[in-house]
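Here's the structure, in structure tokens; my notes come after.
One-based numbering, in listed order, for ligands and for the atoms of each.
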Amino acid sequence: MLATTAGIRQAAAYLRSGRLVAFPTETVYGLGADATNPAAVSRVFQAKKRPVGHPLIIHAATTAAAFAVGGGGPRAARLAEQFWPGPLTLVLPLRPDAGIAEAVTGGRHTVALRVPRHPVAAALLREAAMPVAAPSANPHGRLSPTRAQHVRDELGSAVDLVLDGGPADIGVESTVLELGAGQPMLLRAGGISAEELAALIGPLAEPAAHEPARAPGMLRKHYAPNTPLRLNADAPSPDEVYLGFGASRRATCNLSPTGDLEEAARNLFTMLRRLDSARAHRIAVAPIPDHHLGKAINDRLRRAERGAAPSDGPPPAQTVCERPS
Ligand code: TXA
Ligand code: MG
């Protein structure tokens, strides 16, 4: 359904009645449910085939509505003032009286909160007037959707309504930052760079590799196409399709011919889907600079590299990126 005023009103009514609504955000499409309704939240886990215990991000229309769910504090307030609405998720102490379904947090004492800036998401959240739990609207372990059609293709009738607001403009998920007692902890690189966050609140810690419980749901394998990936490839071999960056020659798809990281993030998941559909032996990927949004891109590529299963397809189709995106 197109994200008109009437469409948004109907989507809000669906959320209030416990149904699932996929909606655009500036990062990726989310699969939304009323965060205070345990049955609705449980349907999100079923639709995604997401293991229970993996906590969901709660989306709110305003900073005040978000901080009514999770405790603020001066650092959170400063971050919210600078980056909300926007692609930053803060993990904060859950307010026990907020009425959030237990499955949203997986029984934790913390909750992940974000105020998205996409106009359709913002209008939907205002109209629904409730905290909306929304993971990315993809089956568990698959690429996140950056277009309404991706959601329809992959979740189908498991979603009651898909609001179509066009392609997501950032293209990678939000940055997840945990604010506990100690140093702020970067749980997921994303749409706001670590450099931007550190400029405001000082150095960030990152979870140690042996501490997976710090970032529940952040599996090492994730964001996976079916075709295996080969990263940091300066050129493709004959049985590979090539995801280029900058002045790459022989690119089947190019994330950004001018080497712009924002453009590359926006194109990442769509181009990976297209290259995956070519059913090549492998997808070779050009080196991506590891700073700012490049960190989020490299993080998704490393997970996709670990998640893929080898395929025995026909020879690679080199034409998947000839259509404009
Ligand atoms: O951009 C995004 O963040 C998208 C859009 C739809 O907002 N949402 C998204 O949600 O990517 P999801 O469920 O795919 O990723 C949520 C991640 C979890 O994998 C987990 O790492 C973290 O957020 N998270 C959620 N609750 C947490 C908590 N209480 N403590 C630590 N991490 C948490
Ligand atoms: Mg996800």
Side-chain angles (χ1 to χ4, degrees), residues 20-33 35 41 44-45 47-60 66 69-71 83-95 98 100 102-118 120-122 124-125 131-146 150-151 154-155 163 165 168-180 184-192 207 211-224 265 269 296 299-300 303-304 307:
L20 303 188
V21 172
F23 61 97
T25 83
E26 67 276 24
T27 56
V28 300
Y29 274 71
L31 179 62
V41 171
V44 171
F45 283 86
K48 278 184 63 97
K49 302 193 170 57
R50 181 172 174 126
V52 290
H54 284 199
L56 308 180
I57 297 175
I58 290 185
H59 297 64
V69 175
F83 295 111
W84 281 352
L88 174 67
T89 295
L90 295 177
V91 176
L92 295 169
L94 172 69
R95 294 190 196 281
I100 299 303
E102 196 173 332
V104 171
T105 59
R108 286 176 185 74
H109 299 295
T110 56
V111 63
L113 296 166
R114 125 172 164 81
V115 178
R117 72 161 177 241
H118 192 290
V120 172
L124 176 65
L125 292 165
V132 172
S136 51
N138 52 284
H140 179 67
R142 310 298 303 176
L143 293 170
S144 289
T146 51
H150 299 158
V151 183
E154 292 173 6
L155 290 179
L163 268 183
D169 61 350
I170 294 178
V172 291
E173 300 84 346
S174 62
T175 303
V176 181
L177 184 73
E178 182 178 297
L179 291 178
M185 176 84 69
L186 183 69
L187 298 184
R188 177 173 76 183
I192 302 243
E211 245 192 333
R214 276 318 276 260
M218 293 296 295
L219 306 180
R220 291 176 67 237
K221 282 165 57 154
H222 208 57
Y223 307 107
F269 290 143
D299 169 77
R300 304 314 183 264
R303 290 174 204 278

Distance filter under 4.0 Å to [X] heavy atoms, resulting ligand 1 atoms:
{"X": "Arg108", "answer": "29 (N)"}
{"X": "Gly30", "answer": "6 (C)"}
{"X": "Glu173", "answer": "1 (O), 2 (C), 11 (O)"}
{"X": "Ala134", "answer": "6 (C), 8 (N), 10 (O)"}

Measure [X] to ligand 1 on non-hydrogen atoms and call it side chain, backbone, both or neither using the 4.0 Å cut-off.
{"X": "Arg114", "result": "side chain"}
{"X": "Arg50", "result": "side chain"}
{"X": "Ser174", "result": "both"}
{"X": "Leu187", "result": "side chain"}
{"X": "Val91", "result": "side chain"}

> Is a salt bridge present between Glu26 and Arg114, judged by a nitrogen-to-oxygen distance below 4.0 Å?
Replying inline: yes
Donor-acceptor under 3.5 Å ([X] side chain, [Y] main chain):
{"X": "Thr25", "Y": "Thr27", "value": "yes"}
{"X": "Tyr29", "Y": "Gly165", "value": "yes"}
{"X": "Arg50", "Y": "Pro55", "value": "yes"}

> Applying a strict 4.0 Å limit to heavy atoms, is His59 in contact with ligand 1?
Replying inline: yes
> Is it true that Thr110 lies under 4.0 Å from ligand 1, counting heavy atoms only?
Replying inline: yes
> Could you give the distance from CG (Leu155) to CG (Asn138), rounded to the nearest 0.5 Å?
Replying inline: 7.0 Å
> Distance from Leu90 atom CG to Thr110 atom OG1, nearest 0.5 Å?
Replying inline: 12.0 Å
> If you take all heavy atoms of Val151 and Pro145, which pair is closest and at what distance?
Replying inline: CG2-CB, 3.7 Å
> Hey, is the Mg ion (ligand 2) within less than 2.8 Å of some N/O/S atom on Ser144?
Replying inline: no
>> My understanding is that only residues two or more places apart in sequence, or in another chain, count here; which of them pass side-chain hydrogen bond (donor to acceptor under 3.5 Å, both in side chains) with His118?
In response: none
Please say whether [X] places an N or O atom under 3.5 Å from an N or O atom belonging to ligand 1.
{"X": "Thr27", "answer": "yes"}
{"X": "Ser136", "answer": "yes"}
{"X": "Lys48", "answer": "no"}

>> Can you list everything that forms a side chain to side chain contact (heavy atoms under 4.5 Å, CB included) with Pro184? Sequence neighbours excluded, please.
In response: Arg75, Leu177, Leu179, Ile201, Leu204
